[in-house]
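The structure appears below as structure tokens.
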Amino acid sequence: MKKFTCVDDIGNLEAAVKEALEVKKDRFAYKRLGENRTLLMIFFNSSLRTRLSTQKAAMNLGMNVIVLDVNQGAWKLETERGVVMDGDKPEHLLEAIPVMGCYCDVIGVRSFARFESKQDDYSEKILEQFIRYSGRPVFSMEAATRHPLQSFADLITIEEYKTKKRPKVVLTWAPHPKALPQAVPNSFAEWMRAAGYDFVITHPYGYELSEEFTAGVPVVYDQDEALAGADFVYAKNWSAFAGPNYGKVLSTDRSWTITTEKMALTDNAYFMHCLPVRRNMIVSDEVIESDRSIVIPEAANREISAMVVLKRMLETL
Ligand code: AN0
Ligand code: CP
């Protein structure tokens, strides 16, 4: 595997989940595969889970790991070509990327939407430059439009917990005080469609996601109606995508918070969230602490999704 940025890169989903459950049974079986190979993880944004789970996955495979927080200790990077660099940025991404490629065999990149230009965000300007100029296999650790390691872990988790062949999975918007990217819901939608589940999205008017990710998925604007009969409730906030409101917070309506009353509308659904989560904005204390909350096993599966991706990259080096 030369890149992992979206669902198409993983190929057949059944085979990918099978491989995931296999490595989960014995996560040290491929300890020799990564010997003398180096993973470089580059963070333009904060992270707890991605940082730890991906490093752990690489160590399980015997790799060496270097982590670079670009905004802490590295030179500030200019990302635009043609800029006269007389400001506060001493280095250009176009040198930094091939230099980083010299010191490693595989690169992971976290680079969120910047909400300065929808065109730049949705063309994955930063991630694509790593793919083009690093000379190394590149995987996304959440980029501007997708979070595929998260979605893959979400899929593994649903496959582990489902009791029906085709469960009803509901992606629901929930309130949050700050503008968040659409990457997690875009990506989740893309993977749920590919998995062929009974998949429904619910959000207030104005929060429509890009059709690129949601084509054919029913959108129900009444959250209670959407939750009826759900087997999995996947909560997430995102900012507006459509039109001039791109990147804006249009609502903080707490009647969309997932509470015990909301969960009572479901078919005893499991509660999921990628984390980090703001309690009593996105979800009540009671729901996230309940025995139907699977946010911790979901986070644990991040190690497994990262293992499958790194293993496949190592196998094709
Ligand atoms: C990020 C987001 O919503 O995309 C990361 C989630 C994994 N969340 C925050 O910035 C709080
Ligand atoms: N879910 C997730 O990607 O978490 P982090 O932002 O902490 O890595």
Side-chain angles (χ1 to χ4, degrees), residues 4-6 39 41-58 65 67-72 108-116 118 121-122 124 126-127 139-158 171-191 201 203 207 209-210 213 234-241 246-252 256-258 271-283 288 293-307 309-310:
F4 177 70
T5 66
C6 64
L39 167 66
M41 294 162 63
I42 298 159
F43 289 93
F44 288 85
N45 311 95
S46 304
S47 165
L48 186 151
R49 277 143 295 272
T50 304
R51 178 183 299 266
L52 298 179
S53 62
T54 312
Q55 179 155 1
K56 176 64 164 58
V65 182
V67 182
L68 178 67
D69 287 292
V70 172
N71 300 321
Q72 286 168 25
V109 181
R110 167 162 286 201
S111 172
F112 289 177
R114 297 194 283 187
F115 296 140
E116 286 163 14
K118 184 173 181 170
D121 289 344
Y122 271 71
E124 290 289 4
I126 305 287
L127 183 67
F139 64 95
S140 163
M141 300 197 296
E142 186 174 342
T145 63
R146 294 176 175 90
H147 193 357
L149 283 174
Q150 180 65 49
S151 309
F152 186 13
D154 297 335
L155 174 70
I156 297 165
T157 310
I158 293 171
L171 166 63
T172 179
W173 179 93
H176 188 277
K178 300 215 166 87
L180 293 183
Q182 297 100 31
V184 171
N186 282 346
S187 198
F188 187 70
E190 181 174 82
W191 285 68
I201 302 177
H203 56 69
Y207 279 98
L209 295 162
S210 165
F213 305 98
Y234 194 96
K236 182 72 184 85
N237 173 267
W238 63 88
S239 60
F241 165 76
Y246 178 65
K248 296 217 164 71
V249 174
L250 306 180
S251 165
T252 51
W256 282 78
T257 302
I258 297 297
F271 175 81
M272 299 178 74
H273 189 282
C274 62
L275 307 182
V277 72
R278 291 189 186 233
R279 285 180 175 221
N280 305 310
M281 288 294 297
I282 304 280
V283 59
I288 198 164
S293 167
I294 53 172
V295 296
I296 306 303
E298 181 185 358
N301 276 334
R302 291 293 307 275
E303 177 182 343
I304 306 306
S305 64
M307 275 195 76
V309 169
L310 285 170

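In each ligand, atom 1 is the first atom listed, and ligand 1 is the first ligand listed. Since the structure is predicted, the reported quantities are computational estimates derived from the model, not experimental observations.
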Smallest separation among heavy atoms of Thr50 and Met141, with atom names | CG2-CB, 3.5 Å
Would you name the heavy atoms of Arg49 and Cys274 that are closest together and state the gap between them?
-> CD-O, 3.6 Å
Closest contact, heavy atoms only, Pro177 versus Thr252 = CA-CG2, 4.5 Å
Please report the closest heavy-atom contact between Ala144 and Asp121, naming both atoms and the distance.
-> CB-O, 3.2 Å
Side-chain donor-acceptor pair present, Asp154, Gln150, cut-off under 3.5 Å | yes
For the residue pair Tyr207 and Trp173, categorise the inter-ring angle as parallel (less than 30°), tilted (30 to 60°) or perpendicular (more than 60°).
-> tilted
Please confirm whether the backbone N or O of Asn186 pairs with a side-chain atom of Arg146, one donor and one acceptor, at under 3.5 Å?
-> no
Under 3.5 Å: donor-acceptor pair, side chain of Asn237, backbone of Pro175 = no
Angle class for the Phe241/Tyr122 ring planes (parallel below 30°, perpendicular above 60°, tilted otherwise)?
-> tilted
Taking only heavy atoms of the protein into account, state which residues are under 4.0 angstrom from an atom of ligand 2, in chain and number order.
-> Ser47, Leu48, Arg49, Thr50, Arg110, His147, Gln150, Cys274, Leu275, Arg302
What short N/O contacts, under 3.5 Å, does ligand 1 make with the protein, listed by atom pair and distance?
{"from": "ligand 1", "atom 1": "3 (O)", "to": "Lys236", "atom 2": "NZ", "distance (Å)": "2.7"}
{"from": "ligand 1", "atom 1": "4 (O)", "to": "Glu142", "atom 2": "OE2", "distance (Å)": "2.6"}

